[in-house]
2 protein chains.
Amino acid sequence: MSGRAVTIAEVARHAGVAVSTVSYVLSGKRTISADTRRRVLDSISALGYHPHAGARSLASKRSNVIALVLPLRAGMHVPVLMRFATAVVTAARRFDHDVLLLTADEGPEGIRRVAASALVDALVLMDVELHDRRVPLLRELAEPSVLIGFPAEPAGLTCVDLDFAAAGARCVAHLAERGHRQVALLGAPAVVYERGTGFARRTREGFTAAVAEHGLEGVALPCEETFDEVHATVAGLLAARPALSGLVVHNEAAVNHVLGSLRQLGRRVPRDVAVVAICPDDVAERAGPPLTSVLIPAEEVGREAVRLVMRKLEGLDVPDATLLTPHLAVRAST
Amino acid sequence: MSGRAVTIAEVARHAGVAVSTVSYVLSGKRTISADTRRRVLDSISALGYHPHAGARSLASKRSNVIALVLPLRAGMHVPVLMRFATAVVTAARRFDHDVLLLTADEGPEGIRRVAASALVDALVLMDVELHDRRVPLLRELAEPSVLIGFPAEPAGLTCVDLDFAAAGARCVAHLAERGHRQVALLGAPAVVYERGTGFARRTREGFTAAVAEHGLEGVALPCEETFDEVHATVAGLLAARPALSGLVVHNEAAVNHVLGSLRQLGRRVPRDVAVVAICPDDVAERAGPPLTSVLIPAEEVGREAVRLVMRKLEGLDVPDATLLTPHLAVRAST
DNA sequence: GCCGGTCGTCGAAGCGCTTCGACAGTCTCA
DNA sequence: TGAGACTGTCGAAGCGCTTCGACGACCGGC
């Protein structure tokens, strides 16, 4: 299996056809008789032939690789990123593409490099921020791209994301249905709002709008991620609003600390305080008690991003914005 | 910046030299006069030239890409994987290489594919298990590879990992120094031990050996990851061993639940029970109270893996096994 | 003053693939 | 029955780069 690699010429000789015929069998770009096709395919598997990626990309101007660009900062919680990543890889493979992983360390220059060197055909950017340095570059690039998340100025770009506003609103609606009148949102750390991360803000907007719509009383607070800070926030919140009975938590790292704080403060979940989280399913399931939650559909988002970028590669039209509908899973915490 | 890409021929014409001269300026494989070099470099940046990756890989038989293969299952906790991944990417860029991300979905066949198609020059496998289906393939591959983690039969392979046995022992030694006589290890979920994941077992072995060496009493238990199960385990443990005063936790997902259970059971940390964790630093820092911990040095492991694989690419000798020394950070929990 | 040895540069031969145009052979239908 | 349209296959021309051998120009040593 080692040694020098098998080339298309050897396959052609083995099958008794021309090199171009082998190529057409593989690409399906011209009709080939069933008989010839079979002989070629047999030779391919007999010899263990794998086309040389570089040669292919040189001749066809397609590398069959897409770039997956990691976020500038780990604003979104890390496990979620990993899911996006595996979802993107899996989806890309279905389209016969591989995935090149790019960190943000290199910044826009790295994106330009892989695009200009034809290493990749297209790009998927994860966890885009409102004012993302990489976004202007994407506009001038010939290669198609899809963003996961929304920048402030999405005109001319293709963006996919969970509809966080709807997610925030969905949580409020659920609490309202359950009869809660006074609710609060514990969100991302303050610094995340300050640097304008879209999903944090959009959740808060959805929350606030829904609170008004349902005629509830509500407050939205940022939430740090150490136990002591979470505890202080929760304690302060409950002291200031004794009647508060519904909590929306949109912060994966803090979810368990919130529950711990409530226990320590003697509030039972869900009897005294109902809790809805926006977080991955496994975090919600492992919590004590298991949390009613809106999951972050990483797989779905990743798949959709790849689907869109593939359509763009084929020159097809795609919608500028794709918002995925949030789904609420009811568990023991409400 | 878009439109047809700049080729080496255009750079050569612009600089008034031969194509080969430009190539030699770029690769440094032949001496070039300072004057010519400058002219060529000026032309390169004036035209914004980026060598075509496919053409380069075809001509040079080097793609300058390494594959990063994700684990078969998410045995190790996910954020740690993400760190490995970014560390590998960052380190690879220092060697002028990019990183192709491969999931385990494809299994060994995916590895063979990217190797045989010359898409990648070398491979780094993350989180290798004791009996890993992908390992036999690596032995017959011409491309060099490095494993993060150890399979049962590591002969002929290059492996890197944190020295988990030493990490387990280090935790025990720390508790012994603090005067604890009865200690316990809460490890990975049972299923992880059953499928023979190396790092979980090695930590347990190190723990057990150190317990004997220090003349302590100790027990090692697997530990599930939902709050209720963790709580049951912790409660059972404390009931069975009232004198237990030191706890080693090697399970990221359960760490916060362990602390929550102790709180709920009225045990103060560290006064009643001291806790040492083996987990990433940020998890330890965010816990309540912040945990004394042995961190999993993902960055270091990733960097080392890349360094080794690059040496192998150059045909240099590398050690079969690289074990990184664990470091203990003392915080409030002991 | 000539010879052997660098040094710096060039031209050309591939690397393995895709794709275009060409062309026999078949089929269809007036 | 012959013109025209397909079908299935081939040969050859690149794609953009690296690398090998060649070759002036210049050097120092005798």
Side-chain angles (χ1 to χ4, degrees), chain A residues 3-41 43-44 47-65 96 113-121, chain B residues 3-41 43-44 47-65 96 113-121:
Chain A
R4 235 191 64 278
V6 183
T7 72
I8 197 173
E10 302 173 51
V11 174
R13 200 172 321 130
H14 187 274
V17 299
V19 162
S20 49
T21 303
V22 177
S23 178
Y24 286 123
V25 166
L26 252 22
S27 69
K29 293 194 178 171
R30 286 205 181 168
T31 46
I32 296 287
S33 69
D35 180 55
T36 306
R37 148 176 279 102
R38 154 155 317 287
R39 245 176 328 126
V40 168
L41 291 177
S43 298
I44 285 177
L47 300 177
Y49 169 67
H50 288 264
H52 187 290
R56 179 171 265 192
S57 115
L58 179 56
S60 71
K61 312 198 161 312
R62 279 300 202 86
S63 68
N64 276 31
V65 174
D96 199 33
R113 181 177 58 79
V114 295
S117 67
L119 236 187
V120 305
D121 297 333
Chain B
R4 236 193 62 281
V6 182
T7 73
I8 197 173
E10 300 173 53
V11 173
R13 200 173 319 130
H14 186 273
V17 299
V19 162
S20 48
T21 302
V22 176
S23 178
Y24 285 124
V25 166
L26 250 23
S27 69
K29 292 194 180 173
R30 286 203 180 169
T31 47
I32 295 287
S33 68
D35 181 54
T36 306
R37 149 174 277 102
R38 154 152 317 288
R39 247 181 322 132
V40 168
L41 292 177
S43 298
I44 285 176
L47 300 178
Y49 169 66
H50 288 265
H52 187 289
R56 178 172 267 192
S57 113
L58 179 57
S60 71
K61 313 199 158 309
R62 281 298 203 87
S63 68
N64 276 29
V65 174
D96 199 31
R113 181 177 58 80
V114 295
S117 67
L119 235 186
V120 306
D121 297 332

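Basis for what follows: all heavy atoms, side chains included, without hydrogens, waters or symmetry-related copies. Convention: sequence-line order gives letters A, B, ...; per-chain numbering from 1.
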Want to settle it: does Leu58(A) or Arg39(B) sit nearer the 5' end of DNA chain C, counting the closest nucleotide to each? Arg39(B)

Looking only at side-chain N and O atoms, does Tyr49(A) come under 4.0 Å of OP1 or OP2 in dC17(C)? yes

Considering just the side-chain nitrogens and oxygens of Thr21(B), establish if one lies under 4.0 Å of OP1 or OP2 belonging to dT9(C). no

Do Asn64(B) side-chain atoms and Asp96(B) backbone N/O form a donor-acceptor pair below 3.5 Å? yes

Output yes when at least one side-chain N/O atom of Arg30(B) is less than 4.0 Å from OP1 or OP2 of dC7(C), else no. no

Is any side-chain heavy atom of Tyr49(A) closer than 4.5 Å to a side-chain heavy atom of Leu26(A)? yes

Kindly indicate whether the side chain of Tyr24(B) and the base of dC17(D) share any N or O donor-acceptor pair separated by less than 3.5 Å? no

Rounded to whole angstrom units, what separation is found between the CG atom of Asp121(A) and the P atom of dT18(C)? 14 Å

By the 4.0 Å heavy-atom rule, please label Thr7(A) as base, sugar-phosphate, or nothing. sugar-phosphate

Grab the CZ-C1' distance between Arg56(A) and dG16(D) for me, whole Å please. 18 Å

Nearest to the Ala55(B) side chain among dC10(C), dG16(D), dG11(D), which nucleotide is it? dG16(D)

Side-chain contact, heavy-atom cut-off 4.5 Å: Val25(A) with Val17(A)? no

Can you tell me if the side-chain N/O atoms of Thr31(B) get under 4.0 Å from OP1 or OP2 in dC7(C)? no

Are Leu119(B) and Val65(B) close enough that some pair of their side-chain heavy atoms sits under 4.5 Å apart? no

Would you mind telling me which of dG14(C), dC10(D), dC17(C) lies closest to the side-chain atoms of Ala59(B)? dG14(C)

Round to the nearest Å and state the distance from Ile8(A) atom CD1 to dA12(D) atom P. 16 Å

Measuring to OP1 and OP2 of dC15(D), would you say a side-chain N or O of Lys61(A) lies under 4.0 angstrom away? no

What contact category does Ser20(A) fall into here, base, sugar-phosphate, or nothing, at under 4.0 angstrom with non-hydrogen atoms? base

Arg13(B) CZ to dG16(D) C1', straight-line distance once rounded to whole Å: 13 Å

So does Arg38(A) have more than 12 non-hydrogen atoms from other groups sitting under 6.0 Å from CZ? no

Counting any heavy atom closer than 4.0 Å, what does Val17(B) reach on the DNA or RNA strands: base, sugar-phosphate only, or nothing? sugar-phosphate

Starting at atom CG of Asp35(A), determine the distance to atom P of dG25(C), rounded to an integer number of angstrom. 17 Å

Contact class for Ser60(B) (heavy atom, under 4.0 Å): base, sugar-phosphate, or nothing? sugar-phosphate

Spacing between His52(A) atom NE2 and dT18(D) atom C1', to the nearest angstrom: 13 Å

For Glu10(B) and dG16(D), give me the distance from atom CD to atom P, rounded to whole Å. 8 Å

Regarding Ser33(B), tell me which of base, sugar-phosphate or nothing describes its non-hydrogen contacts under 4.0 Å with the strands shown. sugar-phosphate

Spacing of CG belonging to Leu47(A) relative to OG1 belonging to Thr7(A), to within rounding of 0.5 Å: 9.5 Å

Atom NZ of Lys29(B) and atom P of dC7(C): how far apart are they, to the nearest Å? 19 Å

